[in-house]
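Have a look at the structure that comes next, please.
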Amino acid sequence: MPESKQNKAKSPVSADQAAGLLAGARKGPSAEDEAYDIRIARDGTWYYHGSPIGRPAMVKLFSTVLRRDEAGDFWLITPAERGRILVEDAPFVAVAVEATGQGRDQTLVFRTNLDEEVTAGKDHPIRVSTDPATGEPNPYILIRGPETTPLEARINRAVFYELVERAETVETERGVEIGLWSKGEFFPLGPMPEG
């Protein structure tokens, strides 16, 4: 159902309001539960009690208090509240990439579904995991957080195809790989196909 004009005109949510909203999202009465009925779907849509959150400003605010622990669980943490949420894949989706330069001098700037921009490089590496069942590549870029508790964006299919088009072959210690450069760092996308 489309939002009313009145809802779209509301001012952005403050940190105190976000804490209040998070308190209302808590499942059950127990503080030990520490779970919010918030889910981030694989396509990057945020859901609250099973319904999409239709206010982008609220989703962006929640994303600023998103953290991941070393067990791999995702949390929304404010000074007043802390609660676990469900993330189906990655909390963000890379929906666009802008490339400048070529080869080692190339720079790749990614934009997420929440309009956050990061430049691939040493601090924001690209990684590709392969689904063992299907062999399908699953590409990601680090948005923020340390390596032990990363918050990543899944690179959507259209953007990944753009990267593949720009890829080149490089001899590495693992053999000949297809990949690309950004800020002087080489990021493998996969091994060179045989044949």
Side-chain angles (χ1 to χ4, degrees), residues 2-3 36 38-48 50-68 72-76 85-103 105-170 177-193:
E3 288 187 331
Y36 294 146
I38 295 175
R39 172 176 63 91
I40 305 174
R42 189 172 194 278
D43 69 358
T45 303
W46 288 57
Y47 289 86
Y48 172 65
S51 297
I53 300 174
R55 293 184 56 200
M58 185 178 294
V59 172
K60 287 178 184 181
L61 178 66
F62 284 163
S63 77
T64 65
V65 297
L66 181 64
R67 304 290 181 268
R68 189 175 187 186
D73 292 326
F74 291 88
W75 297 81
L76 294 179
I85 68 169
L86 175 65
V87 178
E88 290 181 355
D89 186 356
F92 307 104
V93 179
V95 296
V97 64
E98 184 177 329
T100 56
Q102 293 182 4
D105 297 325
Q106 179 172 251
T107 300
L108 300 170
V109 179
F110 291 83
R111 182 175 51 82
T112 73
N113 57 317
L114 299 180
D115 291 326
E116 191 168 347
E117 288 190 348
V118 295
T119 303
K122 185 176 181 180
D123 295 332
H124 299 281
I126 297 168
R127 73 174 180 91
V128 179
S129 67
T130 304
D131 184 313
T134 65
E136 183 177 335
N138 296 304
Y140 301 88
I141 182 167
L142 177 65
I143 301 299
R144 61 179 177 266
E147 281 186 35
T148 55
T149 57
L151 294 177
E152 295 180 306
R154 181 181 54 79
I155 299 171
N156 76 12
R157 189 177 303 255
V159 173
F160 186 61
Y161 287 156
E162 283 185 57
L163 298 179
V164 170
E165 295 242 342
R166 296 190 68 84
E168 52 189 274
T169 57
V170 172
E177 294 187 287
I178 298 172
L180 30 83
W181 297 91
S182 185
K183 291 187 76 174
E185 298 284 326
F186 181 74
F187 299 105
L189 299 180
M192 184 71 175

- Message: If I compare all heavy atoms of P139 with all of P137, which pair ends up nearest, and what's the gap?
- Response: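 Reported closest heavy-atom pair: CD-O, 3.6 Å.
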
- Query: Is any side-chain heavy atom of F62 less than 4.5 Å from a side-chain heavy atom of I85?
  - Reply: no

- Distance-only, no hydrogens or angles: does the T45 side chain make a donor-acceptor pair with backbone N or O of P52 under 3.5 Å? no

- Message: Under 4.0 Å between a side-chain nitrogen and a carboxylate oxygen: does that hold for D123 and K183?
- Response: no

- Message: I'd like to check D115 versus K60 (side-chain heavy atoms, cut-off strictly below 4.5 Å). Are they in contact?
- Response: yes

- Task: Please report the closest heavy-atom contact between I155 and F160, naming both atoms and the distance.
- Result: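 Scanning both residues completely, I find the closest heavy atoms to be CG2-N, 3.7 Å.
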
- Message: I'd like to check E168 versus Q102 (side-chain heavy atoms, cut-off strictly below 4.5 Å). Are they in contact?
- Response: no

- Please report the shortest heavy-atom distance between E117 and V109, naming the atom on each side. OE1-CG1, 4.1 Å

- Considering all heavy atoms of both residues, which atom of A120 and which atom of S182 are nearest to each other, and what is their separation? O-OG, 2.6 Å

- Sidechain-backbone polar pair: N113 side chain, V93 backbone, donor-acceptor under 3.5 Å: yes

- Answer yes or no: is there a donor N or O on one side and an acceptor on the other, between the side chain of Q106 and the main chain of W181, under 3.5 Å?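 Yes, the answer is positive, given that a donor and an acceptor are paired below the 3.5 Å cut-off.
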
- Message: I'd like to check Y140 versus D89 (side-chain heavy atoms, cut-off strictly below 4.5 Å). Are they in contact?
- Response: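 Y140 reaches D89 side chain to side chain.
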
- Task: Flag the pair E147 and R127 as a salt bridge only when some basic side-chain nitrogen lies within less than 4.0 angstrom of an acidic carboxylate oxygen.
- Result: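 Salt bridge: no.
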
- Message: So for atom CD, which belongs to E88, do other residues, nucleotides or ligands contribute more than 12 heavy atoms lying within a distance under 6.0 Å?
- Response: yes

- Message: When you compare the side chain of L66 with that of L76, does any pair of heavy atoms fall below 4.5 Å?
- Response: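 Yes. Closest side-chain heavy atoms under 4.5 Å.
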
- Message: Please give me the minimum heavy-atom distance between V95 and N156, naming the atom from each residue.
- Response: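 What the structure gives for the nearest pair is CA-ND2, 3.6 Å.
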
- Message: Determine whether a donor-acceptor pair (N or O, by modelled atom type, separation under 3.5 Å) exists between the side chain of R39 and the backbone of Y47.
- Response: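 Not confirmed, R39 side chain does not pair with Y47 backbone.
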
- Are the side chains of L151 and F74 in touch, meaning some heavy atoms are under 4.5 Å apart? yes

- Query: How close do F92 and R144 get, heavy atom to heavy atom, and via which atoms?
  - Reply: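 Shortest heavy-atom contact: CZ-NH2, 3.6 Å.
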
- Check whether any side-chain heavy atom of L108 sits under 4.5 Å from a side-chain heavy atom of L163, and report yes or no.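 Side-chain contact under 4.5 Å: yes.
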
- CZ-CG distance between R67 and D73, expressed to the nearest 0.5 angstrom: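 So the gap between those two atoms works out to 15.5 Å.
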
